[in-house]
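Both counts, for ligands and for their atoms, begin at 1 and track the order of listing. All values derive from a computational prediction rather than experimental measurement.
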Amino acid sequence: MRGASRSYGPRTALHPVDLRLGDGECVALMGDNGSGKSTLLRLATGRDAPTAGEVLLDGAPVDEDDPVVRARVAVVADAPAFWPDLTVREHLELVAAAHGVGEDAAAWVDWALEDRRVADHADARPAHLSSGQVQAVLLAAALVRPRDLLVLDEPEQRLDPGARERLGDRVRAEAAGGVGVLLATHHAELARAVADRVLVLADGRVVADGPPHAVLPG
Ligand SMILES: Nc1ncnc2c1ncn2[C@@H]1O[C@H](COP(=O)(O)OP(=O)(O)OP(=O)(O)O)[C@@H](O)[C@H]1O
């Protein structure tokens, strides 16, 4: 992101931000409600265009409708979107197929269900899941497809402590495998456990930027 900002009418949700995310790097965004974290993520994924500045993926402007961007960027956003009449497994298989996983899809799905500890719910429909299980399935959906960049918007929401720790393990494993991770979180422990770098936002401005030990209290 180079000088990327976003305004909504007269209101500036995000003042100009410069941010570079390398392969295998994890950057955490922290800050109070309304500080601009989700706005930054929407710009980073090309869901929203910057009002000024630019957001590039390997030198090309990011647009979520671009098939290259869709193929490379996996997003776990706030709002769960499931087909109500499909089971968890059917949902994940469709996601995998849509991303060209082909004959390996069943193995990817089995692995993701195990990785997120929701294998026991593979045959359940979304209405029959707890909110924490829904969150786990949302993350699983990002794991059944190829990805170079993983974007997580408060993925710790609704997770119990054990699931939150496993989320941290997964984020570290993704980064170790070369995936860039951009994570918005309210959970300092999670940021401390996974991030190479933490950006703290306040009123749409970056007010702190550095490694977790330098930025996070305690
Ligand atoms: N579509 C929109 N139209 C108008 N204002 C918006 C829009 N989206 C976000 N905003 C405003 O931009 C500011 C930043 O919002 P944003 O959702 O990025 O914050 P956040 O840090 O992600 O908050 P939270 O922790 O609550 O998710 C807020 O003041 C919000 O009201």
Side-chain angles (χ1 to χ4, degrees), residues 1-21 25-57 61-66 69 73-82 130-132 134-139 141-142 149-161 163-164 167-168 170-171 174 180-212 214-218:
M1 305 180 82
R2 290 195 200 128
S5 66
R6 183 66 167 104
S7 297
Y8 297 102
R11 184 181 176 87
T12 303
L14 189 69
H15 291 269
V17 171
D18 291 302
L19 173 63
R20 188 181 180 286
L21 183 72
E25 192 177 3
C26 176
V27 171
L29 308 176
M30 297 199 69
D32 292 343
N33 294 136
S35 58
K37 303 180 299 298
S38 299
T39 302
L40 193 157
L41 293 189
R42 283 198 299 276
L43 297 187
T45 57
R47 171 148 299 189
D48 207 353
T51 313
E54 55 186 4
V55 183
L56 308 172
L57 182 64
V62 174
D63 175 347
E64 74 165 1
D65 293 331
D66 178 345
V69 172
V73 181
V75 182
V76 179
D78 231 4
F82 292 119
S130 76
S131 58
V134 166
Q135 190 66 7
V137 173
L138 284 176
L139 195 62
L149 176 61
L150 180 60
V151 177
L152 305 168
D153 196 354
E154 298 178 25
E156 77 279 6
Q157 284 187 91
R158 301 178 287 271
L159 296 184
D160 63 38
R164 205 159 55 223
L167 167 67
R170 171 52 31 206
V171 170
E174 293 290 308
V181 182
L182 194 52
L183 160 76
T185 181
H186 285 291
H187 207 267
E189 273 312 308
L190 177 64
R192 211 190 310 273
V194 303
D196 301 299
R197 181 175 166 197
V198 178
L199 262 62
V200 181
L201 294 167
D203 292 331
R205 295 180 196 276
V206 176
V207 294
D209 179 359
V215 169
L216 299 174

remark   = The closest protein heavy-atom partner of atom 8 (N) of ligand 1 is R42 NH2, 3.3 Å

query = E154 heavy atoms, cut-off 4.0 Å: which ligand 1 atoms fall inside?
reply = 24 (P), 25 (O), 27 (O)

task = May I ask you to decide whether D153 forms a salt bridge with K37, counting only side-chain N to carboxylate O separations under 4.0 Å?
result = no

message = Which of the numbered atoms in ligand 1 are under 4.0 angstrom from any heavy atom belonging to S35?
response = 19 (O), 20 (P), 21 (O)

Heavy-atom gap G31 to ligand 1 smaller than 4.0 Å = no

message = Yes or no: does D153 have any heavy atom under 4.0 Å from an atom of ligand 1?
response = no

ask   = Are any of the protein's heavy atoms under 4.0 angstrom from atom 28 (C) of ligand 1, yes or no?
value = yes

task = Would you please determine whether R6 falls within less than 4.0 Å of ligand 1 on a heavy-atom basis?
result = no

ask   = Nearest heavy-atom pair of G168 and V194: which atoms, and what distance?
value = O-CG1, 3.5 Å

Minimum-distance protein heavy atom relative to atom 23 (O) of ligand 1 = G34 N, 2.7 Å

key: Side-chain donor or acceptor of D196 paired with backbone N/O of C26 under 3.5 Å   = yes

task = Report, in ascending order of atom number, the atoms of ligand 1 lying under 4.0 Å from any heavy atom of A13.
result = 12 (O), 13 (C)

inquiry  = Tell me the protein heavy atom at minimum distance from atom 26 (O) of ligand 1, and give that distance in Å.
reply    = N33 ND2, 3.0 Å

remark   = re atom 6 (C) of ligand 1, the protein heavy-atom contact at minimum distance is Y8 CD1, 3.4 Å

query = Does R47 come within less than 4.0 Å of E64, counting only side-chain N to carboxylate O?
reply = yes

query = When you measure from atom 31 (O) of ligand 1 to each heavy atom in K37, R11, H186, which option holds the nearest one?
reply = R11

key: Heavy atom of the protein closest to atom 17 (O) of ligand 1 (residue, atom name, distance)   = S38 CB, 3.6 Å

inquiry  = Taking S7's backbone N and O only, do any of them form a donor-acceptor pair with T51's side chain (distance below 3.5 Å, no angle check)?
reply    = yes

task = Within a distance under 4.0 Å of any heavy atom of D32, pick out the atoms of ligand 1 and give their elements.
result = 21 (O)

ask   = Which heavy-atom pair separates P61 from L56 by the least distance, and what is that distance?
value = N-CD2, 3.6 Å

ask   = Is there side-chain contact between L201 and V206, with at least one heavy-atom pair below 4.5 Å?
value = yes

ask   = Distance-only, no hydrogens or angles: does the E154 side chain make a donor-acceptor pair with backbone N or O of H186 under 3.5 Å?
value = no

ask   = Knowing that exactly one of D63, T45, D66, V62 qualifies, which makes a side chain to side chain contact (heavy atoms under 4.5 Å, CB included) with L57?
value = V62

note = All heavy atoms of H187 vs all of R164, minimum pair found to be NE2-NE, 3.1 Å

query = Considering only the protein, which heavy-atom contact is closest to atom 15 (O) of ligand 1, and what is its distance?
reply = T39 OG1, 3.8 Å

